[in-house]
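Note sheet for the following structure.
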Amino acid sequence: MFCLQMSLWLRPRTQLCSVSRKSVHKLASLQEATMLPPKKVQSLLYPFSELEPYLDRSVDRAPFQLFHPSLEDMIKAEKLFYSSPSHHIDYYLSAERMDHAPALKAPEVCFIGRSNVGKSSLIKSLFSLTPEVEVRVSKTPGHTKKMNFFRVGRTFTIVDMPGYGYRAPKDFVEMVEPYLYTRKNLARTFLLVDGSVGVQKADLIALEMCEETRCPYVMVVTKIDKCRSGTLLNNLVNLQDLIKTHTTSCFPQPFLVSSYHFLGIYLLRCFVAHVTGSISLTDTFQS
């Protein structure tokens, strides 16, 4: 029944969008995901479901599932990540300073994180339905040196920020802090943390910077496929405690993702579409 409902929802969608399959990830869209066993589909859409059975009974599950949209909502969000003549998705430009940043009116979300946390890989996964959009990914930490702006039609903009920590640009603070403080159309900052190592000292400094701006932000736990469930659970619970006790502007729910296995990508797309006002949700616990 689960897969049947998915196929019925997606059927009209596939007739509208024509995408070259040559360089598209095999799990880029929800339609591909429905071909897998239901349990696997569940873990792709809601990665926390795989960890929940291993949590101690004393741990409150609610903060990990506040944003729990329906499959229909995820499909609506996915449509925004297909490029078309009337909805063009493209890399726009790069900027080293705020005075070089484009004056775009659409809502923006930006992604920041420690060098080698998988930030560019995550953005590439978000745009995987539009393979012509070039998101440069490197195995060398600190590859991103500028603020890179990607326009998603007229709906919103995604900004790939330079990484902090190892091999970060010397002027990282001068580049990023003014953006976070002054960008009026910034709808949400996504602060990435490596799930295999947990919160590092540099992450705490970035978190403090986000708190000082008093702009809403959310934590994203990357590389959840790179470690054992016990390690990930321990790091996730510690992160949740940090959010609960040391933040005021952070969304209570951390988002779990794996760019390689596409875990959590559909959910994150939906959250981006939601916080930029691009879709209206029909079913979720809390927005």
Between [X] and [Y], is any pair of side-chain heavy atoms under 4.5 Å apart?
{"X": "L180", "Y": "L186", "value": "yes"}
{"X": "R151", "Y": "Y91", "value": "no"}
{"X": "Y266", "Y": "L27", "value": "yes"}

Q | Aromatic centroids of Y217 and F190 separated by under 6.0 Å | A | no
Q: Determine whether the aromatic ring centres of F67 and F251 lie less than 6.0 Å apart.
A: no
Q: Kindly check if the number of other-residue, nucleotide or ligand heavy atoms within 6.0 Å of OH (Y260) is above 12?
A: no
**Q.** R228 CZ: over 12 foreign heavy atoms closer than 6.0 Å
**A.** no
Q.
Checking V237 now: which residues fulfil side-chain contact (heavy atoms from CB on, under 4.5 Å) with it, not counting sequence neighbours?
A. L55, D241
What I want to check is whether the side chains of [X] and [Y] have a donor and an acceptor closer together than 3.5 Å.
{"X": "N234", "Y": "T231", "answer": "no"}
{"X": "D203", "Y": "Y164", "answer": "yes"}
{"X": "Y179", "Y": "E108", "answer": "yes"}

Q: Over 60° means perpendicular and under 30° means parallel, so classify the ring planes of F150 and F127, tilted if in between.
A: tilted
